[in-house]
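Only one structure is covered here, and it is reproduced in the block below.
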Amino acid sequence: MTEGPVLLVTGGSRGIGAATARLAAKRGWRVLVNYATNEAAAQSVADDIARDGGTAHIVQGDTGTEDGIASIFAALDSRFGRIDGLVNNAGVVDQTARVEEFSRERLDRMFAINVIGKIRCASEAVKRMSTKHGARGGSIVNISSMAAVLGSGGQYVDYAASKGAVDTFTIGLSREVATEGIRVNAIRPGIIDTDIHASGGLPNRATDLAPIVPMQRPGTAQEIADAVLYLLSPEASYVTGALLNVSGGR
Ligand code: NAP
């Protein structure tokens with residue numbers, strides 16, 4: 001397929017991003033799969049998409065840095081020359097810690113990736129999507145978290161605060177570009193069974209916390225991808241500035 005719409009998924013190599021990239025390709029999107037370090041995982045997503053007859057390329061780039069973002073958008077421009085959707089997904093947690101224990105380095109990393117990186121990727125996307133700049137519009141989906149509402153006290157309030165910033169940014173940007181053909185929405189996943197919990201030192205977190213979820217189970221990356229694809233689709237043509245909880249009721 002050479003003419004389908006183009007989707008950039010940041011952090012598309014694993015977890016929610018990988019599920020989103022795979023599902024988007026099935027729905028006719030051409031996909032640029034960004035990763036930070038795990039090239040093999042990104043390549044495997046792209047290979048699966050190609051095997052199913054879709055189009056995907058991979059690009060390394062740390063969304064917490066300007067160089068990384070520049071590499072991602074340079075690849076987008078050279079490979080596809082357009083962007084119709086951005087899934088601002090790349091995000092990190094850190095070890096469980098109380099506020100007294102937070103270092104400056106921890107907060108700089110958390111906010112560089114979870115907040116500034118998402119805002120900067122949106123900046124680059126809007127330049128290439130806005131009808132104000134002669135483009136055809138598009139859709140941005142920011143991956144927030146229920147932590148934005150719950151606050152994650154005793155676990156990682158810095159992460160929760162970074163997701164609160166994503167929610168506010170989503171609302172503001174949606175209004176800023178509403179007449180320029182761009183819809184901007186966020187999804188707040190609840191507890192989803194991915195590698196992110198192990199990266200924060202709690203590999204069993206998703207199953208351990210199942211009892212506090214009204215539906216009594218963690219969600220799957222696929223269930224988040226389904227919601228992302230809805231927000232990207234024409235069926236969501238009047239949906240902008242929405243913060244969609246996909247959290248099993250929690
Ligand atoms: P994951 O399984 O840990 O995967 C993270 C993905 O992001 C990987 O593809 C990773 O790339 C990439 N990544 C990490 N840092 C990056 C950076 N600086 N630049 C570019 N890519 C980067 O995480 P996940 O659970 O799918 O989480 C995805 C998003 O959902 C995050 O924003 C997270 O906060 C949010 N979320 C997750 C949950 C949950 O319970 N899982 C709940 C609420 C919200 P590599 O493969 O190269 O490392």
Side-chain angles (χ1 to χ4, degrees), residues 8-22 31-46 58-73 75 86-94 108-118 120-121 141-150 152 155-156 158-167 169-170 186-210 212-213 217-225 227-228 243-248 250:
L8 166 60
V9 183
T10 67
S13 44
R14 291 182 292 120
I16 290 167
T20 298
R22 288 191 168 97
V31 187
L32 183 60
V33 177
N34 158 247
Y35 67 99
T37 55
N38 197 334
E39 180 176 358
Q43 192 58 56
S44 148
V45 172
I58 67 171
V59 60
Q60 194 281 330
D62 177 350
T63 59
T65 69
E66 278 304 296
D67 284 353
I69 292 167
S71 299
I72 294 166
F73 281 87
L86 165 65
V87 182
N88 237 338
N89 167 73
V92 292
V93 295
D94 210 316
D108 282 346
R109 169 178 173 268
M110 181 85 70
F111 280 76
I113 298 169
N114 290 6
V115 183
I116 298 173
K118 282 187 168 65
R120 286 288 299 119
C121 285
V141 179
N142 295 322
I143 305 301
S144 173
S145 170
M146 284 308 293
V149 180
L150 299 168
S152 304
Q155 190 140 62
Y156 25 58
D158 49 353
Y159 173 77
S162 77
K163 294 300 186 174
V166 171
D167 284 4
F169 173 63
T170 300
I187 289 176
R188 293 192 189 120
I191 299 160
I192 309 303
D193 192 5
T194 71
D195 297 344
I196 202 169
H197 310 293
S199 74
L202 300 171
N204 301 320
R205 182 171 179 266
T207 42
D208 288 349
L209 293 185
I212 64 169
V213 179
R217 67 169 178 86
T220 65
Q222 182 67 37
E223 288 172 312
I224 304 303
V228 173
L243 308 172
L244 177 59
N245 298 346
V246 185
S247 62
R250 178 168 178 259

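Counting convention: from 1, in listed order, for ligands and their atoms alike.
- Every atom of ligand 1 is numbered from 1 in the order shown, and the set under 4.0 Å from a heavy atom of I143 is 29 (C), 30 (O), 32 (O), 35 (C).
- Taking 4.5 Å as the limit, some side-chain heavy atom of C121 sits within range of a side-chain heavy atom of I69.
- At a threshold of 4.5 Å between non-hydrogen side-chain atoms, the residues F73 and L8 count as touching.
- Under 4.0 angstrom from ligand 1, there are no non-hydrogen atoms of D193.
- In this structure, the side chains of D167 and R188 come closer than 4.5 Å at one or more pairs of heavy atoms.
- Residue V33 comes nearest to A21 through the heavy atom pair CG2-CB, 4.1 Å, listed as atom of the first residue, atom of the second, then distance.
- Counting heavy atoms from C-beta on, the side chains of Y156 and D94 never come closer than 4.5 Å.
- For the atom pair OG1 (T194) and CZ (R14), the distance works out to 8.0 Å, reported to the nearest 0.5 Å.
- Within the 4.0 Å heavy-atom criterion, neither part of R205 lies near ligand 1.
- Of all non-hydrogen atoms in V213 and R250, the two that sit nearest each other are CG2-CD, 4.3 Å.
- Each of the following atoms of ligand 1 lies closer than 4.0 Å to a heavy atom of G91: 31 (C), 32 (O).
- In this structure, atom 15 (N) of ligand 1 lies nearest to the protein heavy atom V92 CG1, 3.7 Å.
- For the pair A160 and S152, the tightest heavy-atom approach, listed with the atom from each and the gap, is CB-OG, 3.7 Å.
- Shown in contact with Y159 at under 4.0 Å from a heavy atom are these atoms of ligand 1, numbered in order with element: 33 (C), 34 (O), 35 (C), 36 (N), 43 (C), 44 (C).
- For atom 42 (C) of ligand 1, the closest non-hydrogen atom of the protein is G190 O, 2.9 Å.
- Taking a cut-off of under 4.0 Å to the non-hydrogen atoms of I113, the atoms of ligand 1 that pass are 18 (N).
- Contact analysis puts G61 in contact with ligand 1, with a non-hydrogen atom separation below 4.0 angstrom.
- When only non-hydrogen protein atoms are considered, atom 8 (C) of ligand 1 lies nearest to S13 OG, 3.6 Å.
- Nearest to atom 23 (O) of ligand 1 among the protein's heavy atoms is I196 CB, 3.5 Å.
- Among protein heavy atoms, the minimum distance from atom 40 (O) of ligand 1 is reached at I192 N, 2.8 Å.
- Not a single heavy atom of R109 sits less than 4.0 Å from an atom of ligand 1.
- Contacts with ligand 1 closer than 4.0 Å are made by side-chain heavy atoms of K163 only, the backbone lying farther away.
- Considering only non-hydrogen protein atoms, atom 16 (C) of ligand 1 sits nearest to A36 CB, 3.7 Å.
- Applying the 4.0 Å criterion to heavy atoms of I16 picks out, from ligand 1, the atoms 26 (O), 30 (O), 37 (C).
- Closest to atom 7 (O) of ligand 1, if we only count protein heavy atoms, is G11 CA, 3.4 Å.
- At the top of the distance list for atom 44 (C) of ligand 1, counting protein heavy atoms only, stands S144 O, 3.1 Å.
- Annotation: side chain to side chain donor-acceptor pair (under 3.5 Å) contacts involving residues 33-44, sequence neighbours excluded, comprise Q43-D47.
- With a 4.0 Å heavy-atom cut-off, ligand 1 is reached by the backbone of N89 and by its side chain too.
- Relative to atom 47 (O) of ligand 1, the option among N114, T37, N34 with the closest non-hydrogen atom is T37.
- Below 3.5 Å of separation, one finds an N or O of T194 facing an N or O of ligand 1.
- Between I224 and I192, some side-chain heavy-atom pair lies under the 4.5 Å cut-off.
- Atoms of ligand 1 lying under 4.0 Å from at least one heavy atom of D62, given by number and element, are 17 (C), 18 (N), 19 (N).
- Residue N38 approaches ligand 1 through these ligand atoms, each under 4.0 Å from one of its heavy atoms: 45 (P), 46 (O), 47 (O).
- With hydrogens and angles ignored, the 3.5 Å screen pairs a side-chain donor or acceptor of T220 with a backbone N or O of E223.
- Every atom of ligand 1 is numbered from 1 in the order shown, and the set under 4.0 Å from a heavy atom of H197 is 39 (C), 40 (O), 41 (N).
- To the nearest 0.5 angstrom, I143 atom CD1 is 12.0 Å from N114 atom CG.
- Here the closest non-hydrogen pair linking S144 and K163 is OG-O, 3.5 Å.
- Checking side-chain atoms of T10 against main-chain N and O of A90 turns up a donor-acceptor pair under 3.5 Å.
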